[in-house]
Amino acid sequence: MNKSFTSLNTNVIFVDNYNQLSQKISSYGSNFLFVVDENTSKMVRPLPEPNVILKSGENYKNFRSIVKILKQAADHHLSRETIFIAFGGGVVCDLTAFASSVFMRGAKLTLIPTTLLSMVDASLGGKTGFDFNDSKNLIGSFYPADEVIICPDTLISLSDQEFKNGLAEVLKHALLSKDDKLYLTLVNNKEKIFQRDIETLNELIYLSLQVKNDFISKDPKETKNIRQALNLGHTFGHALETHTHFSAWSHGEAVAWGVGRAIETGVKLGITTPEFAYGVNKLFRYFNFDFNYRLDRSEWQDYQIQLLKDKKRNNQLINFVLLKGQGDFVLQNVDFELIKDVVLKKALY
Ligand code: GLY
């Protein structure tokens, strides 16, 4: 029996392998538009028609790609009943979902995430969008997919770096979870996880999505200061990514580092217990994340500029997600002196 559950209006279905996935796609009949990028187009042979092949990467998460999807939909006289199917990572999923949300005021949508990161994050919760005016995801809509299909077979060919990228979000979900199931699955199965054992990955993804579901079902549009918890580590981490021009740190590694900074900030403010901080440190280091990296003092000015660009800023203060303990978060403004203290190397004199 395949795992499945419902989140908002989305049916999340786990299939065992590519065979089951293609049977599922065949069951849609012919009224669909299949969206891939240059990488994922190679994973499906023959590529279902009609299709759109987008250029790969964040640089193409733009309005042009949206137009490309919509033009294909219009040229083929597709309708509101057409299922837009995204087969790819977070960029393909977010673009396809946005295009689906505006085509004839909303077509049907199936997401088939092909990376660990997009399985445990972008696929669920209805955030769609594209980058605009140099701002990440500036334009978007909330449009939960009708269906998300998880096929862990797609993870076998991921690079180690891309796999680790998703693992950081799974670890983050373990910290946000009210129970220990995900945490214990992680610490008891490290070898199997790195060997990409399908059954273990299925369990990991399922539990991770349950945690995400817990937050989005209580606060679907991020208006109640609940869903924001999912941004744990992201404010510190995203500023590191932009500060290093998206070259030195993958998203997941930067987020993991950001979790470290958030934990340290919490300890300094007396919010996070030192025992919990010790456990978190151990967990991330166990999975080989560089948790305690520090920036040079000369980097502070640019790092601060990147932090201020964060869309969650409130005047000069930035809201951070901090943890009191497992599954117990607070949103807190933190002043720049404290941020400086947790991101920079200590002064020598
Ligand atoms: N990626 C965080 C969220 O979906 O809210």
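Predicted model, so just to flag it, every value in this text is computed and none were measured.
A cation-pi geometry, defined here as NZ or CZ lying under 6.0 Å from the six-membered ring centre and within 45° of its normal, holds between Lys164 and Phe289.
Pairing each heavy atom of Leu8 with each of Ser217, the nearest pair is CD2-CA, 4.0 Å.
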side-chain hydrogen bond (donor to acceptor under 3.5 Å, both in side chains) between Ser101 and Ser141, intermediate numbers included:
CA-CA 7 Å; Ser101 78; Ser141 55; 3.0 Å; yes
Between Asp214 and Lys178, is a salt bridge (Lys or Arg N to Asp or Glu O under 4.0 Å) present by the stated rule, with each step listed?
CA-CA 10 Å; Asp214 197 35; Lys178 293 255 182 269; 6.0 Å; no
Going through the checks in order, is the side-chain hydrogen bond (donor to acceptor under 3.5 Å, both in side chains) test met by Asp94 and Thr128?
CA-CA 4 Å; Asp94 285 6; Thr128 86; over 6 Å; no
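Looking only at side-chain heavy atoms (C-beta outward), His251 and His234 come within less than 4.5 Å of each other. A 4.5 Å side-chain heavy-atom check between Val267 and Thr272 finds at least one atom pair inside the cut-off. Between Phe98 and Tyr143, every side-chain heavy-atom pair lies at or beyond the 4.5 Å cut-off.
Taken to the nearest 0.5 Å, the SG atom of Cys151 stands 9.5 Å off from the CD1 atom of Ile156. Between Leu307 atom CG and Tyr303 atom OH the span is 4.5 Å, to the nearest 0.5 Å.
The environment of CZ in Arg64 is sparse: at most 12 heavy-atom neighbours from other residues, nucleotides or ligands sit within 6.0 Å. Residue Lys190 places its NZ atom among more than 12 non-hydrogen atoms of other residues, nucleotides or ligands, all under 6.0 Å distant. Within 6.0 Å of the CG atom in Asn9, the count of heavy atoms belonging to other residues, nucleotides or ligands does not exceed 12. Heavy-atom neighbours of Phe246 CZ from other residues, nucleotides or ligands within 6.0 Å: above the threshold of 12. Counting non-hydrogen atoms of other residues, nucleotides and ligands closer than 6.0 Å to CG of Asp134 gives a total of 12 or fewer. Within 6.0 Å of atom OH in Tyr60, 12 or fewer heavy atoms from other residues, nucleotides or ligands are found, so the atom counts as exposed in its surroundings.
No continuous path of ILVMFWY side-chain contacts below 4.5 Å connects Trp249 to Leu117, so the two sit in separate hydrophobic clusters. In the hydrophobic cluster analysis, where Ile, Leu, Val, Met, Phe, Trp and Tyr join through side-chain heavy atoms closer than 4.5 angstrom, Val12 is grouped together with Val211.
Within the structure, salt bridge (charged side-chain N to carboxylate O under 4.0 Å, His left out) contacts touching residues 192-207 (residues at least two apart or in different chains) are Lys3-Glu203, Asp160-Arg196.
Taking the centre of each ring, Phe130 and Phe63 come in below the 6.0 Å mark.
Applying side-chain hydrogen bond (donor to acceptor under 3.5 Å, both in side chains) to Asn11 and the options Thr110, Thr6, Asp146 leaves one that passes, Thr6.
A donor and an acceptor atom, one from each side chain of Asn165 and Gln161, are nowhere located under 3.5 Å apart.
Counting side-chain heavy-atom gaps under 4.5 Å among Ile, Leu, Val, Met, Phe, Trp and Tyr, the cluster of Ile112 also holds Ile13, Val15, Tyr18, Leu21, Ile25, Tyr28, Phe32, Phe34, Val36, Met43, Val44, Leu47, Ile53, Ile83, Ile85, Phe87, Ile149.
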